[in-house]
Amino acid sequence: MHRLVCIHCKKVYSPESVIYTCPACGHLLAVEYDLDAISLSRSDLLARPLSVWRYRELLPVTIPPVTLQEGGTPLYHLKRIGESLGLPNLYAKHEGMNPTGSFKDRGMTLGVSMALQLNMKMVACASTGNTSASLAAYAARAGIPAVVLLPAGKVALGKVAQALMHGARVISVAGNFDRTLEMVHDLCISHGIYLLNSVNPYRLEGQKTIGYEVIDQLGDVPDRLVLPVGNAGNISAVHKGLTEWQSLGWIDSLPMMTGIQAEGSAPVVRAIKGDLPEVVPDVNPETVATAIRIGAPVNAEKALRAIRQTGGLAESVTDEEILSMQRSLAQMEGIGVEPASAASVAGIKKLVEMGAIDPDERIVCVVTGHLLKDPETVIKQCSPPTEIDATLPALLSALQL
Ligand SMILES: Cc1ncc(COP(=O)(O)O)c(C=O)c1O
């Protein structure tokens with residue numbers, strides 16, 4: 001059994017309430033469980049397949065879930081990149097290996113299941129792309145209609161293709177992501193549609209399982225967990241989940257939660273570095289990593305707590321640093337990620353070069369989405385294929401053999 005609790009005024013709401021923020025004070029909500037009622041042990045969990053649903057006792061869904069078999073993503077040792085940076089214990093958790101190619105699937109298996117559990121008939125989101133792809137797929141799986149609002153011209157091609165093909169009503173808005181989120185929020189409130197952006201606390205319940213899987217795969221708590229930050233839901237989710245494990249006595253420390261943003265879109269970084277009580281939004285966020293092109297992160301209050309309470313860090317990286325790390329991951333490690341995902345590893349490179357972290361730390365970077373999400377940014381960075389006549393001599397000449 002769970003309940004909804006305001007993270008600010010602590011007011012408690014029933015699990016049947018369809019609310020996204022606290023009706024009393026307007027702050028964010030979190031899902032709370034009666035942890036004393038959980039009787040299973042960590043070793044019981046380890047006997048189950050690695051997936052979001054391995055952790056079902058710590059999730060709010062009581063009906064058969066809407067699932068495409070999300071989670072269970074690989075944890076790779078970044079041997080070559082780690083060596084080049086003097087970091088022997090550097091890992092990447094590849095969330096691009098989820099059903100629609102991003103970590104959003106963990107949130108959507110929860111979110112769309114909760115939509116059915118709450119008897120909602122239609123779902124909607126605003127999106128920098130991946131949320132829309134994921135919502136469209138899970139709504140199709142559930143057999144309910146989905147509406148997605150995208151900032152016009154700022155969503156990577158693969159993500160638009162997914163939202164369209166999975167049958168969502170796709171609306172392109174002449175405004176940035178922050179504006180589309182305000183619009184979809186108003187639409188959902190006025191028309192009884194279920195809002196599935198990360199302001200919805202159930203989304204974060206699915207995403208918290210990234211942290212659980214990392215510990216189950218590594219066999220221990222990493223010293224540092226590094227995530228790219230846009231709307232700041234994912235970093236908040238992982239931190240929330242791990243505090244639950246700590247309360248259960250399953251782990252005795254938390255990783256230093258570290259958030260990386262793009263230089264042109266870095267309100268969380270400025271708040272952490274400037275020790276500000278809250279973020280000051282970027283009015284015109286801009287970055288090649290369109291997934292994290294967000295100026296007013298809705299989950300900032302949770303994310304600032306996550307970083308501060310764990311002694312973590314926040315850093316920004318330039319678009320060139322992001323793209324350079326995208327190429328390094330692809331070419332030195334065989335790991336294909338989209339630009340926003342490369343930001344987490346680019347951030348660690350920058351932090352180690354600044355001397356801000358201990359090189360012996362065990363560091364897990366979450367790489368959040370797949371390379372194929374944004375083929376246009378890939379093609380721009382690579383030389384086109386060499387065109388030849390259909391003869392062996394032409395092939396040998398092209399290969400200079
Ligand atoms: C690939 C990718 N990485 C990172 C993020 C940022 O996650 P969050 O908005 O939870 O901070 C997003 C969000 O859309 C994303 O699609």
Side-chain angles (χ1 to χ4, degrees), residues 50 71-106 130 156 158 210-211 213-220 222-229 234-235 238 255 258-262 287-289 291-292 315 317-354 356-383 385:
L50 189 69
T73 56
L75 180 74
Y76 298 121
H77 184 207
L78 298 183
K79 197 162 175 297
R80 289 206 185 85
I81 293 180
E83 261 167 25
S84 73
L85 299 176
L87 297 173
N89 304 307
L90 182 64
Y91 297 83
K93 173 82 169 151
H94 195 349
E95 287 296 294
M97 305 296 268
N98 273 297
T100 76
S102 86
F103 71 92
K104 306 283 182 172
D105 295 341
R106 294 181 188 266
N130 282 323
I210 296 174
E213 287 191 10
V214 164
I215 295 178
D216 282 351
Q217 288 169 303
L218 208 57
D220 205 351
D223 297 304
R224 190 178 296 278
L225 251 172
V226 191
L227 294 100
V229 173
N234 216 23
I235 192 166
V238 172
T258 297
I260 309 297
Q261 295 197 291
T287 167
V288 68
I292 51 173
E315 192 50 76
V317 284
T318 63
D319 281 359
E320 189 33 59
E321 287 167 329
I322 289 173
L323 294 178
S324 165
M325 186 52 76
Q326 184 189 27
R327 294 191 296 273
S328 298
L329 283 162
Q331 293 165 16
M332 294 169 73
E333 302 284 358
I335 298 174
V337 303
E338 67 167 287
S341 317
S344 58
V345 192
I348 276 302
K349 176 172 189 292
K350 184 163 177 184
L351 287 169
V352 75
E353 286 168 357
M354 287 162 57
I357 59 175
D358 173 355
D360 286 329
E361 285 178 4
R362 254 189 314 181
I363 302 169
V364 177
C365 296
V366 181
V367 293
T368 41
H370 200 276
L371 171 89
L372 292 173
K373 289 284 193 169
D374 188 354
E376 286 169 316
T377 305
V378 173
I379 294 294
K380 276 189 209 149
Q381 294 179 72
C382 302
S383 312

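Source: prediction; values computed, not measured.
Side chains of L323 and P339 form a contact here, defined as non-hydrogen atoms less than 4.5 Å apart. Residues T258 and L225 are not in side-chain contact: their nearest non-hydrogen atoms beyond the backbone lie 4.5 Å or more apart. Residues L78 and L329 are in side-chain contact: their nearest non-hydrogen atoms beyond the backbone lie under 4.5 Å apart. Looking at heavy atoms from C-beta onward, L90 lies out of side-chain contact with R362 at the 4.5 angstrom threshold. For the pair T73 and R106, the minimum side-chain heavy-atom distance is below 4.5 Å. Counting heavy atoms from C-beta outward, S344 and L227 have side chains that stay 4.5 Å or more apart. The shortest side-chain heavy-atom distance between I357 and I348 falls under the 4.5 Å cut-off. Counting only heavy atoms from C-beta outward, the side chains of V352 and I363 never approach each other to under 4.5 Å.
Among the candidates C365, S328, P228, the single residue satisfying the side chain to side chain contact (heavy atoms under 4.5 Å, CB included) test with V345 is C365.
G211 and V238 get closest at one heavy-atom pair: CA-CG1, 3.9 Å. Across every non-hydrogen atom of A340 and A291, the tightest pair is CB-CB, 3.7 Å. Pairing each heavy atom of S102 with each of N130, the nearest pair is OG-CB, 3.6 Å. Taking both residues in full, the closest heavy atoms of V364 and P222 are given as CG2-CB, 3.9 Å, listed atom of the first, atom of the second, then distance. Nearest heavy atom pair, residue H94 against residue V337, reads CE1-CG1, 3.9 Å.
Atom CD of E361 and atom CG of L351 lie 9.5 Å apart (nearest 0.5 Å). Going from atom CG of D223 over to atom CG of D358 covers 8.0 Å, rounded to the nearest 0.5 Å. Rounded to the nearest 0.5 angstrom, E95 CD and K104 NZ are separated by 11.5 Å. Taking CG of L218 as the start and CG of N89 as the end, the distance is 9.0 Å to the nearest 0.5 Å. Taking CD1 of I210 as the start and CG of L75 as the end, the distance is 12.0 Å to the nearest 0.5 Å. In this structure, M97 CE and H370 NE2 are separated by 6.0 Å, a value rounded to the nearest 0.5 Å.
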**Message:** Between F103 and V366, is the side-chain contact (heavy atoms from CB on, under 4.5 Å) condition met? List the steps.
**Reply:** CA-CA 9 Å; F103 71 92; V366 181; 5.7 Å; no
**Message:** Assess the residue pair R327 and M332 against the criterion (side-chain contact (heavy atoms from CB on, under 4.5 Å)); give the C-alpha distance rounded to whole Å, side-chain angles, the decisive distance to 0.1 Å, and a yes or no.
**Reply:** CA-CA 8 Å; R327 294 191 296 273; M332 294 169 73; over 6 Å; no
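Side-chain atoms of Q326 and E338 include no donor-acceptor pair closer than 3.5 Å.
Of the possible donor and acceptor atoms, one in the side chain of H77 sits under 3.5 Å from a partner among the backbone N and O of P88. Of the possible donor and acceptor atoms, none in the side chain of D319 sits under 3.5 Å from a partner among the backbone N and O of T287. Under the 3.5 Å distance criterion, the side-chain polar atoms of S341 are matched with a main-chain donor or acceptor of G369.
Comment: E333 does not engage R80 in a salt bridge, judged by the lack of any side-chain N to carboxylate O separation of less than 4.0 angstrom.
Qualifying salt bridge (Lys or Arg N to Asp or Glu O under 4.0 Å) partners for E321, counting only residues two or more places apart in sequence or in other chains: none.
Legend: salt bridge (charged side-chain N to carboxylate O under 4.0 Å, His left out) pairs involving residues 365-380, not counting sequence neighbours: none detected.
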